[in-house]
Amino acid sequence: MQLLASPVLMGPLLAGLLFSLLFEALLKPRPQPCWQRSLAANMVHLGCWLLLFGLFVLVLQRPWFAVVFILSLQLVVVQASNTKSRTLNEPFICHDFEYFWDAILHPRLYVPFFGIGLAIAASSAGAVAIGSFFYVEPPLTNQRGVTAFLLSSVSLITTGALIVWLGWRQLPSITLDPAADLDHLGLFSSLWSYGIALARSHAPAPTTSPFYALARSTAEQSTAEQSTVANGATAMPPNVVLVQSESFFDPRAWCEDVAADLLPNYDATRAGALLYGTLNVPAWGANTVRTESAVLTGLPPETWGARQFNPYRTLSRHTMPSIASAFKAQGYRTVCVHPYPATFYLRDRVIPKLGFESFIDINAFSSQDKHGQYISDQAVARKVGRLLEDGDNRPLFVFVITMENHGPLHLEAPDRATLAKTLPNAAWPLPNYLRDLAVYLQHLSEADHMLGSIKAALQSASRPGLLGWYGDHVPILPDAYGHYSPPDGDTPYMIWSTQSDSALHTKLNSNLPDQPPAVQGSCTLSSNELGVQLFKQAFGRDISSDVIKAEPEPQEQE
């Protein structure tokens, strides 16, 4: 224990603890200083530093090297948090550690936001530091012996773990507002709190989903129920296409410099839609699966507790009723189309558990299908058109997740030739605040063309057609938002039919006269309500009343 009390360990230990507190001040937004936090939050910070220091000393045998290594990792988290706050309006939380692995698998989606030059410089500096410390600093085992070294390391680890445990038991409950929790807890305590809350939270029960009853119904019973109208005639179930358009929102109300006629197909569809309006989405700039999960399962984010920040991590291990399983129970063929690797966000595991029969990913497309960095929206529209032409006699439900307008937008150059159609009053060369916006608008106009193509494909099919369209979140445009001010974060949605509004509405409401009618017209929805309304527009029934009749089915163990 003499080694523990000696300057060999105490000097780097105290210096590292001080710098760990100073580095928190680099966070933007900056959390409360340690003297304004609770004793419990400071205990967790102290215990976490002792625990990390003991572990790294045990592995590296060099205390100053351990300090530099830990502080470097903290700086990586601080930089990640600042980047996330700037682009996504949300600081780093424990759930985000998994994205470091995703950044290795899909570097184009993540590394450019940190800066490629910064990433290369940091990696190079790290390699030099590792070599230097191994050469300059002698290992502790050479100074005091192996036994004293092991006892000191284990004592640090044990003491740190005990202090973390005692402090964590006294921490106030987190609010699940990451910015607020980081502010009053600090970095280390908020990471621990979110990690423990994540470990303790559980998947929602199937009965909480409004689609549960329909997911359990047999295809024969459901088809017979929905296909007989009041006068005894048979109604043909419509083909249904639901499009989650990447970063889709209408920027014209937000920015007067955007061309008024930028989205002609969107304007025409909205004018003739059964239902349209504002969609309240639980994501800003990214975190697509938060919106995607809500739309597909009908569950609001708060249902998931601490798992709301990435529900797909849980859904990859649980079967959950969804709009896809509900359509499948009605005799539909269910297909998901996403022109990106199926493994991203664990969709290769999640999509089948949500009731989709097939998943068409990037392997079904070619490099010629790209527009910009990703597979074009028009290529995806052609794929949907071919699905609608399939000779399968069953009605079709297609859920589309587009990619063309995914960032990082600054990796593409604006096209001067398109400015007349997107930013007609902009001068060339473009100022910095318009550069990414111009790239975004180029792809947004392609999303509008995709909308027109899918409508045409639905109209040419032998069955009636129903189209749902919405944006998963607003785009990442920090420079433009800094100049014009940020939008409110909501996105538009529409539900449109190949049949006239009045004729379809009459048919839907005559199916089940004892049920409340589907909503029609302009309406603000939460993201978890959109899939429910789409189903109600397709079948004219209120599925919420069926939930109380259902019995829960056995759940997989997580």
Side-chain angles (χ1 to χ4, degrees), residues 20-21 23-24 26-32 34 36-49 51-52 70 73-103 110 160-161 163-204 282-291 293-294 299-318 345-346 558:
S20 72
L21 291 169
F23 282 3
E24 279 197 336
L26 300 176
L27 286 165
K28 300 175 183 178
R30 182 182 301 176
Q32 294 177 0
C34 59
Q36 294 181 359
R37 300 177 203 160
S38 65
L39 175 62
N42 287 324
M43 287 179 65
V44 171
H45 186 109
L46 171 62
C48 193
W49 175 257
L51 176 61
L52 290 172
I70 298 168
L73 294 178
Q74 183 180 350
L75 281 176
V76 170
V77 173
V78 168
Q79 177 64 23
S81 184
N82 290 346
T83 300
K84 189 182 175 194
S85 293
R86 183 175 66 90
T87 57
L88 309 184
N89 288 352
E90 181 181 289
F92 191 92
I93 57 177
C94 181
H95 307 54
D96 296 327
F97 280 113
E98 67 179 308
Y99 292 128
F100 287 121
W101 177 247
D102 285 338
Y110 296 95
I163 295 176
V164 168
W165 181 74
L166 291 173
W168 164 73
R169 294 186 64 189
Q170 303 300 319
L171 282 176
S173 299
I174 55 175
T175 64
L176 295 179
D177 178 344
D181 291 325
L182 176 64
D183 179 61
H184 72 264
L185 291 177
L187 180 62
F188 285 71
S189 296
S190 64
L191 290 176
W192 273 99
S193 296
Y194 273 76
I196 293 171
L198 179 64
R200 288 186 163 187
S201 62
H202 302 285
W284 172 286
N287 294 307
T288 296
V289 293
R290 299 181 189 177
T291 304
S293 171
L299 297 175
E302 57 269 19
T303 306
W304 296 93
R307 296 176 182 267
Q308 66 185 267
F309 301 102
N310 185 358
Y312 275 17
R313 179 62 63 180
T314 298
L315 282 173
S316 67
R317 300 185 291 269
H318 289 266
Y345 271 128
L346 301 175
E558 187 169 352

Next item on the list: Using the side chain to side chain contact (heavy atoms under 4.5 Å, CB included) rule, take S85 and E90 through it: C-alpha gap first, then chi angles, then the decisive distance, then the call.
Entry: CA-CA 5 Å; S85 293; E90 181 181 289; over 6 Å; no
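- Rounded to the nearest 0.5 Å, atoms CE (M43) and OG (S38) are 10.0 Å apart.
- Rounded to the nearest 0.5 angstrom, C34 SG and L46 CG are separated by 11.0 Å.
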Next item on the list: Step by step, work out the side chain to side chain contact (heavy atoms under 4.5 Å, CB included) result for S293 and W304.
Entry: CA-CA 11 Å; S293 171; W304 296 93; 3.9 Å; yes
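- Residues S190 and D181 have side chains that never bring a donor and an acceptor to within less than 3.5 angstrom of each other.
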Next item on the list: Output, in order, the C-alpha distance, side-chain angles, deciding distance and verdict of side-chain hydrogen bond (donor to acceptor under 3.5 Å, both in side chains) for S189 and H45.
Entry: CA-CA 6 Å; S189 296; H45 186 109; over 6 Å; no
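- Shown here for L198 and R307, the closest heavy-atom pair between the two residues is O-NH2, 3.3 Å.
- Taken to the nearest 0.5 Å, the OG atom of S20 stands 9.0 Å off from the CD1 atom of I70.
- Contact of the F188 side chain with the L52 side chain is registered, since non-hydrogen atoms from C-beta on lie closer than 4.5 Å.
- Looking at Q308, its side chain does come within 3.5 Å of a backbone N or O of G305 through a donor-acceptor pair.
- Across all their heavy atoms, I93 and P178 have their closest contact at CG2-CB, 3.7 Å.
- By the ring-ring contact (aromatic ring centres under 6.0 Å, His included) test, F92 pairs with F97, F100, sequence neighbours left out.
- Each of R290, E98, H95 was evaluated against N310; a single residue qualifies, E98, per the side-chain hydrogen bond (donor to acceptor under 3.5 Å, both in side chains) test.
- Side-chain atoms of R37 and P31, non-hydrogen and from C-beta on, do get closer than 4.5 Å to each other.
- Annotation for L185 and I174: closest pair CD1-CG2, 4.0 Å, computed over non-hydrogen atoms.
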Next item on the list: For R200 and I196, run side chain to side chain contact (heavy atoms under 4.5 Å, CB included): C-alpha distance rounded to whole Å, both residues' side-chain angles, the deciding distance at 0.1 Å, then the answer.
Entry: CA-CA 6 Å; R200 288 186 163 187; I196 293 171; 4.1 Å; yes
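- Take S173 and apply the side-chain hydrogen bond (donor to acceptor under 3.5 Å, both in side chains) test, not counting sequence neighbours, and it matches no residue.
- Between L171 and S193, the shortest heavy-atom contact is CD1-OG, 3.4 Å.
- Looking only at distances, a side-chain donor or acceptor of T87 sits under 3.5 Å from a matching main-chain atom of T83.
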Checklist line | Worked check of side chain to side chain contact (heavy atoms under 4.5 Å, CB included) between L187 and Q74 | finding: CA-CA 9 Å; L187 180 62; Q74 183 180 350; 4.2 Å; yes
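- Taking both residues in full, the closest heavy atoms of D96 and P91 are given as OD2-O, 4.0 Å, listed atom of the first, atom of the second, then distance.
- A 4.5 Å side-chain heavy-atom check between T314 and H202 finds every atom pair outside the cut-off.
- T288 meets the side-chain hydrogen bond (donor to acceptor under 3.5 Å, both in side chains) test with D472, H473; sequence neighbours excluded.
- The backbone N or O of K28 lies less than 3.5 Å from a partner atom in the side chain of N82, making a donor-acceptor pair.
- Between Y194 and F309, the ring planes are tilted. Angles from 30° to 60° get that label.
- Heavy atoms only, all atoms of each residue included: R30 and E24 are closest at CG-O, 4.5 Å.
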